[in-house]
Amino acid sequence: MVAAIDLSIFTSGRASPYHKWNLPLEQAKSLQKILSLCVMEKNLERLNFISGCDIGIRGNVARAGVVTFSYPEGELVERVVVEGKLDFPYIPGFLSFRETPLLLKAIGMLKKLPDLIICDGHGIAHPRRLGIASHIGVLTSIPTIGVAKKLLCGSYDEPGFYKGSFTYIVCDNEVVGAVLRTRTGVKPVFVSVGNLVTLEYAIKIVNILSRYRLPEPQRAAHFLVSG
DNA sequence: GCGACAG
DNA sequence: ATCTTGTCGC
């Protein structure tokens, strides 16, 4: 039996117990390469609760939101919103150093940890294979999937027109993610493994979740922190 | 050197 | 991410 993960350590508002966040880019780069070695691709054994998380920014204040839904019922189970400041600037390839601290704080406040977290941004479809979804997944040991609106690295062929069709994202001769058409005729999303899931499963679940009217996790979280 | 570049 | 009006289409 393994002790439950205590995420309350992230709610202190202080630096992460695992590593500093305000790092020079070169150190951040090294850290990403090291942590990417911790990314594991495996099958989920159960999926009863799915969370979506996102960050909204207004001037100097940022709000991180986490929303949890039951699956497959799709009922709202819990939601958390926390406000704070972001000190790290947005630099392509280093998004997690900007948003992860506040997101972990919000995730750590959940009464019940989810079986999966859908993150806004890439997972391993990243130059150093550690996008924000992977970073969060590695630090929390919670399975994560990255869903981004734009490509960060690599190339792909346009997926088919209809919902469910997808193509792969190839970066440095590796398949790092997929471009999935979640709605017929609408702009596709970029799906990639964050941690502890398989790309095939990630594609499948993201496609399924996009059918839900209310519960599409990231959208719900986005709604929570913006509108 | 030049262009690309999640949120 | 955020700032923003009207407008094309089902």
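Within every chain, numbering begins at 1; the chains are lettered A, B, ... in the order of the sequence lines, protein sequences first and strands thereafter.
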Q: Distance check needed: B/dG3 C1' versus A/L152 CG, whole Å only.
A: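 Whole-Å distance recorded here is 14 Å.
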
Q: Which ones in residues 90-99 of chain A lie close to DNA chain B, meaning a heavy atom under 4.0 Å from one of its atoms?
A: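 Residues of residues 90-99 of chain A under 4.0 Å from DNA chain B: A/Y90, A/P92, A/G93, A/F94, A/L95.
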
Q: Let me have DNA chain B in dot-bracket notation, would you? Count Watson-Crick plus G-U wobble pairs, both distances under 3.5 Å, and use [ ] for pairs crossing earlier ones and | for inter-strand partners.
A: .......

Q: Hey, can you pull the residues of residues 193-202 of chain A with a non-hydrogen atom under 4.0 angstrom from DNA chain B?
A: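 Those residues: none at all.
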
Q: Could you name each residue pair satisfying ring-ring contact (aromatic ring centres under 6.0 Å, His included) that touches residues 168-197 of chain A, not counting sequence neighbours?
A: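 For residues 168-197 of chain A: A/Y156-A/F190, A/F166-A/Y168.
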
Q: So, taking the atom named CG in A/L35 and the one named CG in A/N195, what distance separates them when rounded to the nearest 0.5 Å?
A: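 A/L35 CG to A/N195 CG: 10.5 Å, rounded to 0.5 Å.
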
Q: How is the hydrophobic cluster of A/V61 composed, in terms of its other members, when Ile, Leu, Val, Met, Phe, Trp and Tyr link through side-chain heavy atoms under 4.5 Å apart, directly or indirectly?
A: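 Members alongside A/V61: none; it stands by itself.
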
Q: Measuring to OP1 and OP2 of B/dC5, would you say a side-chain N or O of A/K150 lies under 4.0 angstrom away?
A: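 It does not, given that no N or O in the side chain of A/K150 lies less than 4.0 Å from OP1 or OP2 of B/dC5.
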
Q: Quick one: side chain to side chain contact (heavy atoms under 4.5 Å, CB included) partners of A/S96, sequence neighbours excluded?
A: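 Scan of A/S96 (side chain to side chain contact (heavy atoms under 4.5 Å, CB included), adjacent residues dropped) gives A/T100, A/I132, A/H135.
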
Q: Do the side-chain N and O atoms of A/N207 and A/K163 include a donor-acceptor pair separated by under 3.5 angstrom?
A: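 Result is yes, a qualifying pair exists.
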
Q: Other hydrophobic cluster members with A/L37, side-chain heavy atoms of Ile/Leu/Val/Met/Phe/Trp/Tyr under 4.5 Å, chained?
A: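 Grouped by the 4.5 Å side-chain rule, A/L37 forms a cluster of one, so the answer is none.
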
Q: Can you tell me which stems involve DNA chain C, if a stem is defined as three or more consecutive Watson-Crick or G-U wobble pairs, both distances under 3.5 Å?
A: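 Result, WC/G-U stems under 3.5 Å: none.
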
Q: Could you work out the complete set of other residues in the hydrophobic cluster of A/F161, with links drawn between I, L, V, M, F, W and Y side chains under 4.5 Å apart?
A: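 Once heavy-atom contacts under 4.5 Å are chained together, A/F161 belongs with A/Y162.
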
Q: Excluding sequence neighbours, so at least two apart, what forms ring-ring contact (aromatic ring centres under 6.0 Å, His included) with A/F88?
A: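 Result, ring-ring contact (aromatic ring centres under 6.0 Å, His included) vs A/F88: A/F97.
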
Q: Under a criterion of less than 4.0 angstrom to any heavy atom of chain A, what are the 5'-terminal and 3'-terminal contacting nucleotides of DNA chain C?
A: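 Both ends considered, the range comes out as C/dA1 to C/dT2.
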
Q: The criterion is side chain to side chain contact (heavy atoms under 4.5 Å, CB included); which residues satisfy it with A/P127, sequence neighbours excluded?
A: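 Applying side chain to side chain contact (heavy atoms under 4.5 Å, CB included) to A/P127 gives A/L152, A/C153.
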
Q: Cation over ring, A/R46 on A/Y71, under 6.0 Å and within 45°?
A: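 Because its charged atom misses either the 6.0 Å distance or the 45° angle limit, A/R46 does not stack over A/Y71.
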
Q: Return the value, rounded to whole Å, for the distance between atom NE2 of A/H126 and atom P of B/dA4.
A: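 Those two atoms, NE2 and P, are 19 Å apart.
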
Q: Answer with base, sugar-phosphate or nothing: what part of the nucleic acid does A/L151 contact at a heavy-atom distance below 4.0 Å?
A: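 Contact class for A/L151: sugar-phosphate only.
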
